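First up is the structure itself, then whatever we jot down about it.
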Amino acid sequence: MAATLRIRVGTSVDSLVVCNPNDEARPVRILSEHFDGYFLIRIKNFQGVVPEGEPRIPNCSYFEGRRRLMSVQFQGSFTQPWTANDLVWSNDWEQPLNVPKVMSLFTKFMSVTDPGSYSDLKIDRPYMRSYVVTAMCTLSAWSPVSEDPMNEPFRVNITEDASSLYPTANGPRATSRANSLASVSSTTSNLVSVSLSDSAAKPGRRIVPPRGASLAASAAAAAEPEEPARDWKLIEKAKKGGEEGVAARRKFFASEVNRREAIFHPSQVYGFEVFNPYFDPNSFKTKIPGGVTIDMRRMMRGQPMRTRLMTSDGRTVFLVVELSQESDGDLDDDTDD
């Protein structure tokens, strides 16, 4: 029996429901105490499981004239402000992976495309992550059409326009804006948490206090990275949108200072999309430039592929997307592919 693809989505692992790919007329509603919006996944030549009573939609016009194999799109409003340094797009696994040697080529390739990405696939609970402002292929922000942003209709097509996330000439620097969100950080300890290993956090720089300096002072130095001069030419290029604008956005937000300065406000609606021509969910294989193919199902030892939109500390989860394949065949334990 051939492998069967199943896609589920929800606000937590315990709330996942099967969704119908390519159904642009009926996106999945995502509603929680942290986020209110919609979710849509598109898969080229989809032949997997659909919700009971719903027709399978193999394709949609989205793929016409494009090399893309899949697209994950969602939009909505956050119920409290977050900095761009708080939000990550994360692939996590509950058990160790059977990592092939060629996987290092893929992670290096991703780091070139997405300078905000970081990963550790060799630990007991592996992960591949990136800050949402660098991971997304398209990022947009707009004012709601009604007074209540939670009632915003779903936009099937979004274009790059994240102008509201960039600093203005007379705007405050990162430190003052980050301090304005201090109350946000103080409340996260009471929010729903997910189980992550201690090594999941991205390592930061180690501060050694000079002789006579207090530990409190050194901790403050570690919390506030240096603020480089703003690159206004890069900001203007990013604001123009298009492929060059996306590349400029990723370069600009590769800086932690710039991420800390950008704030996702509850009064705004945000649209996100990530797509690629490399991973085919139908076969669960990833092809990277150079002719290298990675069998993701074998690498994951039958585990599902779960992607989360969450805070960088893992305490708050906004969205969970799960892709899984079931087959009656055995998976070889071969790490030399």
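Since the model is a prediction, treat every value here as computed from it, not as a measurement.
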Checklist entry - When you look at Glu261 and Thr83, which way does the side chain to side chain donor-acceptor pair (under 3.5 Å) test go after all the steps? => result CA-CA 7 Å; Glu261 190 172 37; Thr83 73; over 6 Å; no
Next on the checklist: Once side chain to side chain donor-acceptor pair (under 3.5 Å) is applied, what residue pairs with a partner in residues 103-114 remain, sequence neighbours excluded?
Outcome noted: Asp114-Ser130, Asp114-Thr134
Next on the checklist: Can a side-chain donor-acceptor contact be found between Arg42 and Gln73 if the only test is distance below 3.5 angstrom?
Outcome noted: yes
Item to check | side-chain contact (heavy atoms from CB on, under 4.5 Å) partners for Thr138, two or more places apart | outcome: Ile158, Glu160, Glu273, Phe275
Next on the checklist: Between Thr311 and Asp313, is there a side-chain donor-acceptor contact under 3.5 Å, judged purely by atom types and distance?
Outcome noted: yes
Checklist outcome for this item: Checking Asn59, Leu5, Ile41 against Pro21 for side chain to side chain contact (heavy atoms under 4.5 Å, CB included), the one that qualifies is Ile41
Item to check | Backbone of Trp142 reached by a side-chain donor or acceptor of Tyr270 within 3.5 Å | outcome: no
Next on the checklist: Donor-acceptor pair, distance only, cut-off 3.5 Å: does the side chain of Arg297 make one with the backbone of Gln325?
Outcome noted: no
Next on the checklist: Checking one residue: Val18. Which other hydrophobic residues are in its cluster under the side-chain 4.5 Å linking rule?
Outcome noted: Val49
Checklist entry - Got a sec, which residues hit ring pair (Phe, Tyr, Trp, His ring centres under 6.0 Å) with Phe39, two or more places apart in sequence or on another chain? => result none
Checklist entry - How would you list, by chain and number, every residue that makes a side-chain contact (heavy atoms from CB on, under 4.5 Å) with Pro304, sequence neighbours excluded? => result Arg306, Glu322, Ser324
Item to check | Which residues share a ring pair (Phe, Tyr, Trp, His ring centres under 6.0 Å) with Phe318, sequence neighbours left out | outcome: Phe78, Trp82
Next on the checklist: If the threshold is 4.0 Å, N to carboxylate O, is there a salt bridge linking Glu256 and Arg260?
Outcome noted: yes
Checklist entry - With a cut-off of under 6.0 Å to the ring centre and 45° to the axis, is Arg129 in cation-pi contact with Tyr127? => result yes
Checklist outcome for this item: ring pair (Phe, Tyr, Trp, His ring centres under 6.0 Å) filter on Tyr278, not counting sequence neighbours, yields Phe109
Checklist entry - Checking Asp295 side chain against Arg298 main chain: does a donor-acceptor pair fall under 3.5 Å? => result yes
Checklist entry - Is a donor on one side and an acceptor on the other found under 3.5 Å between the side chain of Thr79 and the backbone of His34? => result yes
Show me the side-chain donor-acceptor pairs of residues 285-294 shorter than 3.5 Å, one per line, residues at least two apart or across chains.
none

Item to check | Any donor-acceptor N/O pair, Arg6 side chain to Leu323 backbone, under 3.5 Å | outcome: no
Item to check | Asn22 side chain to Ile57 backbone, donor-acceptor under 3.5 Å | outcome: yes
Next on the checklist: For Lys239, is the NZ atom crowded, meaning more than 12 foreign heavy atoms sit under 6.0 Å from it?
Outcome noted: yes
Checklist entry - Quick one: salt bridge (charged side-chain N to carboxylate O under 4.0 Å, His left out) pairs with a partner in residues 52-75, sequence neighbours left out? => result Arg26-Glu54
Item to check | Residues which pass side-chain contact (heavy atoms from CB on, under 4.5 Å) with Pro126, listed by chain and number, not counting sequence neighbours | outcome: Trp93, Leu97, Leu121
Checklist entry - Any donor-acceptor pair under 3.5 Å linking the side chain of Ser140 with the backbone of Gly271? => result no
Checklist entry - Cation-pi between Arg259 and Phe253: NZ/CZ under 6.0 Å from ring centre and within 45° of the ring axis? => result no
Next on the checklist: Determine whether a donor-acceptor pair (N or O, by modelled atom type, separation under 3.5 Å) exists between the side chain of Arg230 and the backbone of Thr168.
Outcome noted: yes
Next on the checklist: Is it the case that atom CD in Glu244 sees more than 12 heavy atoms from other parts of the structure closer than 6.0 Å?
Outcome noted: no
Item to check | For Leu31, all residues meeting side-chain contact (heavy atoms from CB on, under 4.5 Å), sequence neighbours excluded | outcome: Arg29, Asp36
Item to check | Any residue meeting ring pair (Phe, Tyr, Trp, His ring centres under 6.0 Å) with Phe74, in chain and number order, not counting sequence neighbours | outcome: Trp89, Phe272
